[in-house]
Amino acid sequence: MAGSYKQVENYDVRFGVSQETDDETARKKRERALERAWQTRDFEIDKFWNRTAFFWGFIAVVFGAFAAVITKTVDVSDSIPYIELYLILLGGIVSVAWLLVVKGSKFWQENWEAHIDRLEDSITGPLYKTVYTKGKNAFSVSRINIILAVVVIVVWGLLLVNFFLHCDIVQTLLKVISPYFGQIVGIFLPIILTVICIYKMFKYGRSANGKYRIDKRKDHEGIFVDRSEEHDKE
């Protein structure tokens, strides 16, 4: 949320590790901070792979169970009705959780890498910021995992759509509403879109995001407010 955090104006002053000073205490503090940043970054990378392995394993189990059910390798449809649906929903939930965890891990890894960028110059030189390349493409492991997570979520979504298209209840419902499809599209859909549009205008169309709130019992005639910040002028 805008304005919730105060920006750090001077990184070195905040940590007392200015590169311009020759103070031995400040230098040791900078060395310890750099070491801690490296350790925490490596810890985040290690946890990234542990979490990824956990989610891949869980998703593989759910996929295996789903495949066993639909191929009748394990017939539990009588004891657990709609087991295919439950497995699809479970797989979707776990896959979304995996995507969010990967993004969270990427955020914290980049956080500690940014600290290394700021701290390393006077200790080791710009080691981390200096990359050796032969001009070939480099790939991001975390980004590839994000793409894979999205692909898995899409697969679960397609399986869910396929389930509903072949579900007896859905087939019956489609037969019932098919004679009225034109009326549904011509009447109800515009009404729904109108309600959504009006809701969006009330929710997002307020000046300064609706932050100008006062106690009307105390200030019933209105008050002056400071809107000098740029985001308040929107």
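For clarity, every value in this text was computed on a predicted model and none was experimentally measured.
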Exercise. Taking the side chain as C-beta and beyond, is there a heavy-atom pair between Arg51 and Ser105 under 4.5 Å?
Worked result: yes

For this session: Determine the minimum heavy-atom distance between Leu189 and Val185, stating which atoms define it.
Result: CB-O, 3.5 Å

Problem set entry | Side-chain heavy-atom pair Ser142, Lys103 within 4.5 angstrom cut-off | no

Return a table of donor-acceptor pairs under 3.5 angstrom between the side chains of residues 165-183 and protein atoms on other chains or two or more places apart.
unit_1: His166; atom_1: ND1; unit_2: Asn162; atom_2: O; d: 2.9
unit_1: His166; atom_1: ND1; unit_2: Asn162; atom_2: OD1; d: 3.3
unit_1: Gln171; atom_1: NE2; unit_2: Leu165; atom_2: O; d: 2.1
unit_1: Thr172; atom_1: OG1; unit_2: Asp168; atom_2: O; d: 2.9
unit_1: Ser178; atom_1: OG; unit_2: Leu174; atom_2: O; d: 3.3
unit_1: Ser178; atom_1: OG; unit_2: Lys175; atom_2: O; d: 3.0

Problem set entry | Hydrophobic cluster membership, Val62 vs Phe54, 4.5 Å side-chain cutoff | yes

For this session: Tell me, yes or no, whether the heavy-atom count around Trp108 atom CH2, taken from other residues, nucleotides or ligands under 6.0 Å, exceeds 12.
Result: no

Exercise. When rounded to the nearest 0.5 angstrom, what distance separates OG in Ser140 from CD1 in Ile146?
Worked result: 7.5 Å

Seminar exercise, completed: Shortest non-hydrogen pair, Ile116 vs Ala37, comes out as CG1-CB, 3.8 Å

For this session: Taking atom NZ of Lys28 as the centre, report whether more than 12 heavy atoms of other residues, nucleotides or ligands fall under 6.0 Å from it.
Result: no

For this session: State, with a plain yes or no, whether a side-chain heavy atom of Val101 is found less than 4.5 Å away from one of Phe48.
Result: no

Exercise. How many angstroms lie between atom CD1 of Ile192 and atom CZ of Phe188, to the nearest 0.5 angstrom?
Worked result: 8.5 Å

Exercise. Between Ser122 and Arg27, is any side-chain donor less than 3.5 angstrom from a side-chain acceptor?
Worked result: no

Problem set entry | Whether Tyr86 and Tyr82 hold their rings parallel, tilted or perpendicular, with breakpoints at 30° and 60° | perpendicular

For this session: State yes or no: do Leu85 and Leu158 share one hydrophobic cluster built from I, L, V, M, F, W and Y residues joined by side-chain heavy-atom distances below 4.5 Å, directly or via other members?
Result: yes

Exercise. How close do Val69 and Glu84 get, heavy atom to heavy atom, and via which atoms?
Worked result: CG1-CG, 3.7 Å

Exercise. Taking the six-membered ring for Trp, are Phe63 and Trp156 parallel (under 30°), tilted (30 to 60°) or perpendicular (over 60°)?
Worked result: parallel

Seminar exercise, completed: Nearest heavy-atom contact between Ile59 and Ser95 is CD1-OG, 3.7 Å

Exercise. Would you say Thr124's side chain and Leu127's backbone share a donor-acceptor pair under 3.5 angstrom?
Worked result: no

Exercise. Do Thr40 and Trp112 have side-chain N/O donor and acceptor atoms under 3.5 Å apart?
Worked result: no

For this session: Let me see the working for Leu148 and Trp56 under side-chain contact (heavy atoms from CB on, under 4.5 Å), right down to the final yes or no.
Result: CA-CA 10 Å; Leu148 281 176; Trp56 264 120; 4.1 Å; yes

Exercise. Are Trp98 and Leu100 linked, directly or through other ILVMFWY residues, by side chains that come within less than 4.5 angstrom of each other?
Worked result: yes

For this session: Heavy atoms only: give me the nearest Tyr128-Glu120 pair and the separation to one decimal.
Result: N-OE1, 2.7 Å

Problem set entry | Rounded distance (nearest 0.5 Å) linking atom CD1 of Ile45 with atom CG of Asn50 | 12.0 Å

For this session: Going by the side-chain contact (heavy atoms from CB on, under 4.5 Å) test, name the single residue among Arg41, Lys129, Glu44 that passes it with Glu113.
Result: Arg41

Exercise. If you measure from CZ on Arg30 to CG on Leu119, what distance do you get to the nearest 0.5 Å?
Worked result: 5.0 Å

Exercise. Side-chain contact, heavy-atom cut-off 4.5 Å: Ile83 with Phe66?
Worked result: no

For this session: Answer whether the closest heavy-atom distance between the side chains of Phe55 and Val102 falls below 4.5 Å.
Result: no

Exercise. Mind checking whether Val150 and Ile88 sit in one hydrophobic cluster, side chains of I, L, V, M, F, W, Y counted as touching below 4.5 Å?
Worked result: yes

Exercise. Does a side-chain heavy-atom distance below 4.5 Å link Leu99 with Val152?
Worked result: no

Problem set entry | Heavy-atom side-chain proximity of Arg36 to His115 below 4.5 angstrom | no

Exercise. Is there a side-chain contact between Phe164 and Leu160, using heavy atoms and a 4.5 Å cut-off?
Worked result: yes

For this session: Could you state whether Phe107 and Ile144 fall into the same hydrophobic cluster, counting links through intermediate Ile, Leu, Val, Met, Phe, Trp or Tyr residues with side-chain heavy atoms under 4.5 angstrom apart?
Result: no

